[in-house]
There are 2 protein chains.
Amino acid sequence: MTELGLRERKKQQTRSRIRDAAIRLFAERGFDQVRVAEVAREAEVSEATVFNYFASKEDLVHDGMADFADGLVEALRLRPAGESLLSAFRTYVLRPHGLAEDDRAVARIATVARIVGDSPTLRARERQVFDRATRALAELIATENNTRADDVESWVIANALMGVNRALKELVHSQALAGHSGKRIAQDVLAQGRRALDILDEGLARYRTV
Amino acid sequence: MTELGLRERKKQQTRSRIRDAAIRLFAERGFDQVRVAEVAREAEVSEATVFNYFASKEDLVHDGMADFADGLVEALRLRPAGESLLSAFRTYVLRPHGLAEDDRAVARIATVARIVGDSPTLRARERQVFDRATRALAELIATENNTRADDVESWVIANALMGVNRALKELVHSQALAGHSGKRIAQDVLAQGRRALDILDEGLARYRTV
DNA sequence: TAGAGCCACTCTAAATTTAGAGTCACCCTA
DNA sequence: TAGGGTGACTCTAAATTTAGAGTGGCTCTA
C-alpha cells in the first residue's frame, strides 16, 4: 500500500531495533537494571540516537501506550460531523484491533505487561500517560460543549470513557500474561467492551439500591 | 583485537552489504545487465552511497583487486631498512593469506573470477589496475636507485615482480573456479610461488639455449 | 554532611546518508 | 545523421547519526 521511501523505512527499522533491544533486555534483567547505554549497544546505535527516537527511557516501554491513550481522544475528535460522542466511542471500542490474528503481538504485550508490572517507575508513568490523555479528552468535550475547561461534567464523562479504555487495556494485559490466545482475548475484549458500553448507556441508576 | 568504534563498524557493514549485493546480482545476471540503482536497492542504500564507497561500478568487483596489486608495492616500499628488494618480495609472496582456512572466501573468489571472466569491461579494468600498480612499483624502484623514472631496468624488475604476483592471482582464480579446496589452493600457491622465486633468482640464463 | 560515582539526558560539531536534479557519453532508431 | 532514451556518475542541501563532553539529580559512604 504505502510505498515508503528509503529514508522512512530505515527510520522505522531503527526505531524497531531500539525498542526490541530494550524490551529484550528489560525482560531479562528488569527495567532498572539496564542502562540506556546498554540498550544502545544492543541495538547497534549510539546513545544519542536512542534519545532521538524516544524522549525518555520510560518511553522505550510506553512507546505505544501514549499512542493508545491518545488514540481514543483523536478518534473522538475526528469523528464524522453529527455523530454523537457516545456513538463514536462505541465504534472505537468495538473496532478490530488485529490481536486475533497475531499471537506474536500478544506475546510482546505479555512481555511488556510483565516489565511494567515489575517496575514502580513504569507503573507511575503509565498512570501519568492516561492521566494526560484523560485531561485532553475532558478539554475536548468541554470545548465542544462550550463550557469551561474544568467543567465537572466534562471530567466525569472523560473519566468514564477513558476508564473503559483503560480497563480493556488491563484486560488484554492480564489475559496475555495468562497465556491466552489472541483469538480468545479478542472475543473477551469484545464481550467486556459491550458490557461496559451498556453500563455507560444505562447510567449508574441500577447501583442505587445496592 | 582491534576494538572498532560504532561508526567504523557500520561503515564496514555498509561496504560489505553493497559489495555482496553487487556480486550476487552480477553473478545472477551478468555485470552489464545490472544497473547501479539495482545494486543500491538490493543493498538498501541510496545510489549516492554506493558511489561514496566505490569510485565506479567496476570497483564494485575490483574493490579488493586494486588493494591486492597495491599491497605488493606498499609491502616493498615499507620493508625493513637494509632488506633487499628481492628478499622482501620473497617474504611477501610466501606470506600466509588465510585461504587454507576459509573456503567461503574461496567461493567468493570463484564467483568474482567468473564475473570478471564473463565481462570484457572488467577484464580491461583488471589490466588497468595491474598496470597502474606496476607503474608505481617501477617508480619506487627508480627512486630508490636514484635513476630516471622511465629507467628500463626499473621497468624490467617491476614487471617481473608484478608478473609473479599476477600469475599467482591467476592461479588462485583458476583453482577456485575448478572447485579446489582452500587448503589445496594454498599449497599450490606456495609451491608455484617458490618456483617463480627460483626463476627470478637464477635469471633467464637457463632459457638461452632453449 | 561533604564528596564521589552513577546514570538519565542534553548539546554541539563533525561524519554519513539521502533525495533529487543534472551532466555526459553512448546506443538505437527514424 | 538528428533526436530520444538509458545509465553511469556528480553535486548540493537537508536529514540523520555519531563522538564526546557536559549537566544535574540521586545514592552511597567516609
Side-chain angles (χ1 to χ4, degrees), chain A residues 2-23 25-26 29-63 66 115-116 119-125 128-129, chain B residues 2-23 25-26 29-63 66 115 119-122 124-125 128-129:
Chain A
T2 356
E3 277 274 351
L4 282 183
L6 180 61
R7 194 172 269 170
E8 206 54 37
R9 234 182 318 133
K10 286 201 170 178
K11 276 171 68 173
Q12 290 192 2
Q13 285 176 6
T14 302
R15 173 171 264 268
S16 285
R17 274 220 316 288
I18 295 171
R19 195 196 44 219
D20 291 352
I23 298 301
L25 292 178
F26 294 161
R29 316 214 310 265
F31 183 76
D32 287 322
Q33 276 61 57
V34 176
R35 278 165 293 138
V36 173
E38 296 180 84
V39 173
R41 180 143 33 85
E42 180 85 0
E44 302 206 276
V45 115
S46 80
E47 195 174 338
T49 298
V50 173
F51 286 109
N52 278 350
Y53 282 89
F54 300 89
S56 72
K57 181 183 178 185
E58 291 154 25
D59 282 340
L60 284 166
V61 178
H62 280 129
D63 181 14
I115 294 169
V116 174
S119 164
T121 308
L122 291 178
R123 288 202 306 278
R125 176 48 173 270
Q128 185 192 346
V129 164
Chain B
T2 353
E3 278 275 351
L4 284 181
L6 180 59
R7 193 172 269 169
E8 206 53 39
R9 236 183 315 132
K10 287 202 168 177
K11 276 171 69 173
Q12 290 191 2
Q13 285 177 6
T14 301
R15 172 171 264 268
S16 285
R17 273 219 317 288
I18 295 171
R19 193 195 48 221
D20 291 351
I23 298 300
L25 292 178
F26 294 160
R29 316 215 309 265
F31 183 76
D32 288 320
Q33 276 60 57
V34 176
R35 278 166 292 138
V36 173
E38 296 181 85
V39 173
R41 182 145 29 88
E42 179 85 1
E44 302 205 277
V45 116
S46 80
E47 195 174 339
T49 299
V50 173
F51 286 109
N52 278 350
Y53 282 89
F54 300 89
S56 72
K57 181 182 177 185
E58 292 155 23
D59 282 340
L60 284 166
V61 177
H62 281 127
D63 182 17
I115 293 170
S119 164
T121 309
L122 290 178
R125 176 48 173 270
Q128 185 193 347
V129 164

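Since this is a predicted model, take the numbers as computed values, not measurements.
For C:dT18, the OP1/OP2 oxygens have a side-chain nitrogen or oxygen of B:Thr49 closer than 4.0 Å. Not one side-chain nitrogen or oxygen of B:Tyr53 sits closer than 4.0 Å to the OP1 or OP2 atom of C:dT16.
For the segment residues 5-21 of chain A, residues with any heavy atom less than 4.0 angstrom from an atom of DNA chain D are, sorted by number, A:Arg7, A:Lys11, A:Thr14.
For B:Gln128, there are no side chain to side chain donor-acceptor pair (under 3.5 Å) partners, not counting sequence neighbours. Every residue meeting the salt bridge (Lys or Arg N to Asp or Glu O under 4.0 Å) condition with B:Arg35, not counting sequence neighbours, appears here in chain and number order: B:Glu38. Contacts of A:Thr14 classified as side chain to side chain donor-acceptor pair (under 3.5 Å), with partners at least two apart in sequence or in another chain: none. The salt bridge (Lys or Arg N to Asp or Glu O under 4.0 Å) test applied to B:Arg15 returns B:Asp63, not counting sequence neighbours. Every side chain to side chain donor-acceptor pair (under 3.5 Å) that A:Glu58 has, sequence neighbours left out, goes to A:Arg125. Residues passing the side chain to side chain donor-acceptor pair (under 3.5 Å) test with A:Ser46 are A:Thr49, sequence neighbours excluded.
One axis for each end of the helix from C:dT1-D:dA30 to C:dA30-D:dT1, each built from five base pairs, and the angle between them comes to 10° at 10° resolution.
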Under 3.5 Å, side-chain donor or acceptor atoms of residues 5-13 of chain B against the rest of the protein: list the pairs with distances, not counting sequence neighbours.
| from | atom 1 | to | atom 2 | distance (Å) |
| --- | --- | --- | --- | --- |
| B:Arg9 | NH1 | A:Glu44 | OE2 | 3.4 |
| B:Lys10 | NZ | A:Glu44 | O | 2.8 |

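For B:Arg17 (side chain) and B:Ala43 (main-chain N/O), a donor-acceptor pair under 3.5 Å exists by modelled atom type.
Residue contacts shown for A:Phe54 are absent, as no nucleic acid heavy atom lies under 4.0 Å away.
Rounded to an integer number of Å, the gap from A:Gln33 CD to C:dA8 C1' is 15 Å. One atom, CG of B:Asn52, and another, C1' of D:dT16, lie 14 Å apart when rounded to the nearest Å.
How far CD1 of B:Ile115 is from CG of B:Leu25: 9.5 Å, rounded to the nearest 0.5 Å.
Each ring-ring contact (aromatic ring centres under 6.0 Å, His included) pair with one or both residues in residues 33-62 of chain B, not counting sequence neighbours, would appear here, but there are none.
Using a 4.5 Å cut-off on side-chain heavy atoms (C-beta onward), B:Leu122 and B:Phe26 make no contact.
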Given protein heavy atoms under 4.0 Å, the one-letter contact record of nucleotides 6-11 of chain D, with B base, S sugar-phosphate only and - none, is simply -SSBB-

